[in-house]
Enquirer: 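Below are the C-alpha cells for one structure; questions will follow.
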There are 2 protein chains.
Amino acid sequence: MLKEERQHAILNEVELHNRVLLTDLAEKLDVSIDTVRRDVKELDAEDMLVKVHGGAVSLGFANYSPSRNNVYALDKKIAIGKKAMSLIRENSVVLIDGGTTCLELARLLPANLKLTCFTLSLPVAMELLTKPNIETIFIGGTLSRDSQIAMGSSAIHALSQIKVDYSFIGTGYVDAEFGLTEFDWDVVQTKKAVINASKKTVLLCISEKLNSQHRFKTCDLNVINTMVTELEPWDEKLEAFKNMNIQLL
Amino acid sequence: MLKEERQHAILNEVELHNRVLLTDLAEKLDVSIDTVRRDVKELDAEDMLVKVHGGAVSLGFANYSPSRNNVYALDKKIAIGKKAMSLIRENSVVLIDGGTTCLELARLLPANLKLTCFTLSLPVAMELLTKPNIETIFIGGTLSRDSQIAMGSSAIHALSQIKVDYSFIGTGYVDAEFGLTEFDWDVVQTKKAVINASKKTVLLCISEKLNSQHRFKTCDLNVINTMVTELEPWDEKLEAFKNMNIQLL
DNA sequence: AAATATATTGCAAAATACTGCAAAAATGAA
DNA sequence: TTCATTTTTGCAGTATTTTGCAATATATTT
C-alpha cells in the first residue's frame with residue numbers, strides 16, 4: 001500500500017468520525033502504530049488534521065472547540081476537574097453542566113473512558129463529541145445566548161425524565177449558610193431540575209466563589225453531596241463547610 | 001511496445017484507480033521497473049500525474065484536502081442559502097437541519113431578523129447564538145459524532161411536540177423518482193420526524209445530489225413543498241422535477 | 001507515587017530510487 | 001540496405017526512503 005493511499009484513508013476516517021485513535025487506525029490499515037503516528041504527524045504539519053494525544057481530530061472539530069485563552073483561573077479549574085474525575089466510574093451515567101469549570105472536566109475525560117454523558121451545554125457537548133467512547137446526549141431547550149446552555153420548560157421537562165449517577169454542576173455563588181445562589185432566575189430553575197435528575201450532585205467551585213451570594217437561590221448546601229474546590233482539604237476557607245454533610249475534595 | 005503507448009497505458013491506470021504501484025505497472029506492461037519509473041518520472045514532469053515513493057497517484061488524488069473541499073461547493077451553498085432566505089418571514093418559527101448547506105443558511109440570517117429557530121445541529125445552534133434577535137431552541141437527543149446532530153428516540157419525541165412554519169432540511173441523496181434517501185437509518189428516522197413537525201418542508205440541495213440515491217428512504221418528493229438548488233429555474237437538470245407539485249427555487 | 005499508555009529517538013532491515021554504463025533497438029542519411 | 005547516431009532499455013552498484021523495533025522519555029491514569 002502506498003503511503004499516500006494510507007494517508008488518504010486516515011483523512012477519510014478523521015473527516016467521517018471527527019476523532020480517531022492511532023491504535024484503531026493502525027489496526028484498520030494493518031501497519032504499525034509508529035507508521036500511523038508518522039503519517040498523522042505529517043498530515044498535521046500539512047494542516048489536514050490536528051494531532052492530539054493518542055489520535056487525531058478533524059479541522060472542523062478543532063475549530064469549533066471553544067478556546068480557553070481568557071478563562072479566569074484556568075489552572076484552578078483544571079485542578080478541580082482532575083479531582084472531580086476521580087468520582088467517575090467506567091460505564092456510569094453522568095451529567096455535566098455548563099460553565100468553564102465543567103467544561104474543563106469534560107476536557108479532562110480520557111479518550112478511552114466508556115461513559116454515558118448528558119449535558120445542557122453546547123461547548124461541553126462539542127468537547128464530549130471528541131471522545132470516541134462517550135455517548136453524549138444533549139438535553140434540549142431554549143438556548144441562552146451568554147451561557148450557551150439549554151434552559152426553559154422543555155429542558156426542565158427533559159431532565160424530569162432521567163436519573164443520572166452523578167451530576168457535576170457549577171454555580172454563580174455559594175455560601176455555607178445561604179447555599180447556592182444565582183444572578184439569573186432561569187438558571188436557578190434549570191439547576192434545580194438537574195439536581196432532581198441525579199442520584200448524587202457534585203458542585204465544582206473555585207475558591208473565589210466561596211462565601212458569596214446573589215438574589216436567587218438554587219438550593220441549600222445539604223442537597224449537595226460533594227463539593228470540589230482547588231483548595232487543600234485543611235484550608236481554612238473550607239472551615240465553614242466542614243461540619244455539614246458534604247464530602248469535600 | 002512503443003514508449004508513448006506504454007505511457008498512455010500508465011495514465012489510464014492512474015486515472016482509473018487513482019493510484020498505482022510501479023511494481024504492478026512493470027509486471028502488467030512487461031518491462032523492467034526502471035523503465036516504468038522513467039516513464040512515470042516523465043509524466044510527472046509533464047504534470048499528467050504525481051510520482052510518489054513506490055508508485056504514482058492521479059492529480060485529483062494528490063490535491064485532495066478536506067479544508068479545500070469545504071470551500072469548493074461553498075458558493076453554491078451560499079447561493080442556496082440566499083434563495084432559501086426569501087422564504088423566511090419575520091417572527092415566524094422555523095427549523096434548520098444539520099449539514100453544511102443548512103449551516104450556510106444559518107450563517108446568512110441577518111442579525112436584525114426576529115425569528116424563533118429550532119435546530120438539531122450543534123454547529124447550526126452555535127451559529128444561531130451569534131444572532132441577537134433569534135431565539136434558538138435545541139432539540140435534544142443522542143448526539144451523532146459524525147454529523148453533530150441530535151438523533152434517536154428522544155429527539156424524535158421532542159419533534160413530535162412541535163409544529164414549525166418552515167423546516168429547512170438537507171439530504172444525502174435525491175432522485176426525482178425515488179425521493180430522498182440516506183446512507184444512515186437513524187438519520188432517516190430523524191428527518192421523517194422533522195418533516196412531520198413542519199407545516200412546510202424546504203429541501204436545500206446542491207445540484208451534485210440530484211438524481212442520486214442510497215439505501216434508506218426518507219420520503220417521496222411530493223411531501224417536499226419547495227426544493228432549493230443553486231441552478232437557474234430553466235436548467236435542464238431540473239426537468240425531471242418540474243411537473244411534480246414542488247416549488248423550485 | 002506507581003502503573004499504564006503514548007511519544008520520541010536512534011537504528012537496522014527492507015523496499016524503492018538514482019546513477020552510470022553498456023547492450024539493444026530505433027532512426028535516418030548515404 | 002548499411003552504418004553511424006540517437007534513443008531506449010535493463011543491469012549493477014549505491015543512495016535514499018520507509019518501516020518496524022527497542023530503548024528511553026513524556027504524558028496520562030490510578
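These values consider heavy atoms only, across backbone and side chains, with no hydrogens, waters or symmetry-generated copies. Naming: A, B, ... by sequence-line order, numbering from 1 per chain.
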Enquirer: Just how far, in rounded Å, is C1' of dT29(D) from NZ of K114(A)?
Expert: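 Rounded to whole Å, this separation is 16 Å.
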Enquirer: Which is more 5' along DNA chain D, the nucleotide nearest D34(A) or the one nearest P110(A)? Just name the residue.
Expert: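 By nearest-heavy-atom nucleotide position, the 5'-most residue is D34(A).
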Enquirer: Applying a 4.0 Å non-hydrogen cut-off, can you work out what L22(B) is touching in the nucleic acid: base, sugar-phosphate, or nothing?
Expert: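 Counting heavy atoms under 4.0 Å across all strands, the contact made by L22(B) is with sugar-phosphate only.
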Enquirer: Atom CD1 of I33(A) and atom C1' of dT8(C): how far apart are they, to the nearest Å?
Expert: 13 Å
Enquirer: Report the distance from atom NE2 of H53(A) to atom P of dA5(C), rounded to the nearest whole Å.
Expert: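 Answer to the nearest Å: 11 Å.
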Enquirer: Using whole Å, report how far CZ of R38(A) lies from C1' of dT9(C).
Expert: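 After rounding, the reported distance stands at 10 Å.
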Enquirer: Does a nitrogen or oxygen in the side chain of K51(B) sit under 4.0 Å from OP1 or OP2 of dA17(C)?
Expert: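 For dA17(C), OP1/OP2 do have a side-chain N/O of K51(B) under 4.0 Å.
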Enquirer: Between E13(A) and K28(A), is there a salt bridge with N-O shorter than 4.0 Å?
Expert: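 A salt bridge links K28(A) with E13(A).
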Enquirer: Select base, sugar-phosphate, or nothing to describe what R89(A) touches, counting heavy atoms under 4.0 Å on all strands.
Expert: nothing
Enquirer: Are any of the side-chain nitrogens in E182(A) or R215(A) under 4.0 Å away from the carboxylate oxygens of its partner?
Expert: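 Looking at R215(A) together with E182(A), the answer is no, because their closest N to O distance does not fall below 4.0 Å.
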Enquirer: I'd like to know if K3(B) pairs up with E42(B) as an ion pair, taking the criterion as any Lys NZ or Arg NE/NH1/NH2 lying under 4.0 Å from an Asp or Glu carboxylate oxygen.
Expert: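 Yes, this pair counts.
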Enquirer: Which whole-number value in Å describes the distance from M85(A) CE to dA27(D) P?
Expert: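 For the pair M85(A) CE and dA27(D) P, the rounded distance is 18 Å.
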Enquirer: Would you indicate, yes or no, if dA25(C) has its OP1 or OP2 atom less than 4.0 angstrom from a side-chain nitrogen or oxygen of K3(B)?
Expert: no
Enquirer: For ring pair (Phe, Tyr, Trp, His ring centres under 6.0 Å), just list the numbers for F138(A) and F138(B), CA-CA rounded to whole Å, side-chain angles, deciding distance to a tenth of an Å, and then say yes or no.
Expert: CA-CA 9 Å; F138(A) 196 92; F138(B) 197 92; 4.5 Å; yes
Enquirer: What is the separation between atom CG on D30(A) and atom P on dT18(D), rounded to the nearest whole Å?
Expert: 19 Å
Enquirer: Considering heavy-atom distances to DNA chain D, does E4(A) or D39(B) have its closest nucleotide positioned more toward the 5' end?
Expert: D39(B)
Enquirer: Which whole-number value in Å describes the distance from N133(A) CG to dT29(D) P?
Expert: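 Distance, rounded to whole Å: 13 Å.
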Enquirer: Would you mind telling me which of dG20(D), dT9(D), dA17(C) lies closest to the side-chain atoms of R6(B)?
Expert: dT9(D)
Enquirer: In whole Å, I'd like the distance from the CG atom of L25(A) to the P atom of dT6(C).
Expert: 13 Å
Enquirer: How long is the span from the CD1 atom in I78(A) to the CD atom in E104(A), to the nearest 0.5 Å?
Expert: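 These two atoms lie 5.0 Å from each other.
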Enquirer: V36(B) near the nucleic acid: base, sugar-phosphate alone, or nothing, with a heavy-atom cut-off under 4.0 Å?
Expert: nothing
